[in-house]
Amino acid sequence: MTELLRQSFFARDALVVARDLIGCVLVHGEVALRITETEAYRHPHDTASHCRPGFTARTAPMWGPPGHVYVYLCYGIHSLLNLVTDDEGEGAAVLIRSAELERGAEIVHARRGVRSADEVALLAGPGKVCAALALDPGFSGRSVFVPGGLEVHGGEPVREVLVGPRVGVDYAAPLDRDAPYRFADAGSRVVTRRRTLRPLVRFPR
DNA sequence: TGAGCGATTAAA
DNA sequence: TTAATCGCTCAT
């Protein structure tokens, strides 16, 4: 049932990948998380993206091939997990913002950044997701197709997807700041800033 | 070498 | 809504 996602899954527009990652499962060692919230950082023209200033040592993985990991340190404290999308050289990725703990509660409980039993199951916020998976910037640049590393599995399709603006990007140009690049599982209670999200309308084909 | 800053978090 | 926070990035 849980099938490893292939590179073709990631080699698409970050917007599409961000939406499709909702409900998918991150596996790192004994810990498995079901993704409930994501954000797309589409390309260097996106003024909210770390790729905006051009190629740097830190963002090198984001410019690399799809299906690789970009982890960086935020506020000097929190590690944030991204999955690189689009084609190599595009400079796009999806930020994993929230997740539900599926497996490995004992281990996650012992890890830094997770204090209470409630926080163990409710990984709302990108810093907590990374802490639960025990990922730090040293992991940045790794591939998700290498066994034993961070794996991304397909999951049950979600009933309804929510969409809305990204969090913490007030520094960006208004158009990017307000762009509906954040997605979430409407059926999960592990979602941040829910009131700013609306049901995603799917157009008939 | 260091000034500036941040894709957050928790508490109120 | 607000404040704490601190290691890292990148341009000198």
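- Rounded to whole Å, atom P of C:dC8 lies 15 Å from atom NE2 of A:His50.
- Listed in residue order, the members of residues 31-45 of chain A having a heavy atom less than 4.0 Å from DNA chain B are A:Tyr41.
- The OH-P distance, from A:Tyr181 to B:dA7, rounds to 17 Å in whole Å.
- No option in A:Val190, A:Leu81, A:Val167 other than A:Val167 meets the side chain to side chain contact (heavy atoms under 4.5 Å, CB included) test with A:Arg97.
- Close to B:dA7, at under 4.0 Å from its OP1 or OP2, lies a side-chain N or O of A:Tyr171.
- Here A:Arg166 lies out of heavy-atom contact (under 4.0 Å) with every strand.
- Note: OH (A:Tyr72) to P (B:dA7) measures 5 Å, nearest angstrom.
- Between A:Leu26 and A:Val152, the closest side-chain pair of non-hydrogen atoms falls below 4.5 Å.
- Listed nucleotides: C:dG7, B:dT8, C:dT9. Nearest to the side chain of A:Arg97: B:dT8.
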**Q.** DNA chain C base-pair string [pairs: Watson-Crick or G-U under 3.5 Å; |: paired with another strand]
**A.** ||||.||||||.

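- Heavy-atom contacts from other residues, nucleotides or ligands closer than 6.0 Å to CZ of A:Arg193 number 12 or fewer.
- Residue A:Thr56 places at least one side-chain N or O under 4.0 Å from the OP1 or OP2 atom of C:dC10.
- As a whole-Å value, the separation of A:Met62 CE from C:dT9 P is 15 Å.
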(Q) Using the rule given for side-chain contact (heavy atoms from CB on, under 4.5 Å), can you reason through A:His50 versus A:Tyr70, listing the C-alpha separation, both sets of side-chain angles and the distance that settles it, and then say yes or no? (A) CA-CA 11 Å; A:His50 284 182; A:Tyr70 168 52; 2.8 Å; yes

**Q.** A:Glu37 vs A:Arg182, salt bridge (charged side-chain N to carboxylate O under 4.0 Å, His left out): CA-CA, chis, key distance, verdict
**A.** CA-CA 7 Å; A:Glu37 187 182 353; A:Arg182 182 161 62 110; 2.7 Å; yes

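- Counting only residues at least two apart or in different chains, ring pair (Phe, Tyr, Trp, His ring centres under 6.0 Å) contacts with residues 20-45 of chain A comprise A:His28-A:Phe139, A:His43-A:His45.
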Please produce a list of atom pairs where a protein N or O lies less than 3.5 Å from an N or O of nucleotides 1-6 of chain C.
residue	atom	partner	partner atom	Å
C:dC6	O2	A:Tyr75	O	3.4

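- Whole-Å rounding puts the A:Leu73 CG to B:dT9 C1' distance at 14 Å.
- Between C:dA11 and B:dA7, the distance separating the two P atoms is 16 Å to the nearest Å.
- Listed by first and then second residue, the side-chain hydrogen bond (donor to acceptor under 3.5 Å, both in side chains) pairs that reach into residues 158-174 of chain A are A:Asp46-A:Arg166, sequence neighbours excluded.
- Candidate nucleotides C:dT9, B:dT9, B:dA7 were compared by shortest atom distance to the side chain of A:His78, and B:dT9 ranks first.
- When only modelled atom types and interatomic distance are considered, A:Arg42 and A:Tyr181 share a side-chain donor-acceptor pair under 3.5 Å.
- Distance CG (A:Leu83) to C1' (B:dA7): 14 Å, rounded to an integer number of Å.
- With hydrogens and angles ignored, the 3.5 Å screen pairs a side-chain donor or acceptor of A:Asp86 with a backbone N or O of A:Ala14.
- Open room surrounds CZ on A:Arg6; 12 or fewer heavy atoms of other groups in view lie less than 6.0 Å from it.
- When atom types are taken as modelled, the side chain of A:Thr36 and the backbone of A:Ser98 share a donor-acceptor pair closer than 3.5 angstrom.
- Taking atom CD1 of A:Ile96 as the reference point, atom P of B:dT8 lies 14 Å away to the nearest angstrom.
- In terms of the side-chain hydrogen bond (donor to acceptor under 3.5 Å, both in side chains) criterion, residue partners of A:Glu151 (sequence neighbours excluded) are, by chain and number, A:His153.
- Between the CG atom of A:Asp136 and the P atom of B:dT8 there is a distance of 18 Å, given to the nearest Å.
- Between A:Arg177 and B:dA7, a side-chain N or O to OP1/OP2 separation shorter than 4.0 Å is absent.
- Using a 4.0 Å heavy-atom distance criterion, A:Leu95 is classed as a base contact.
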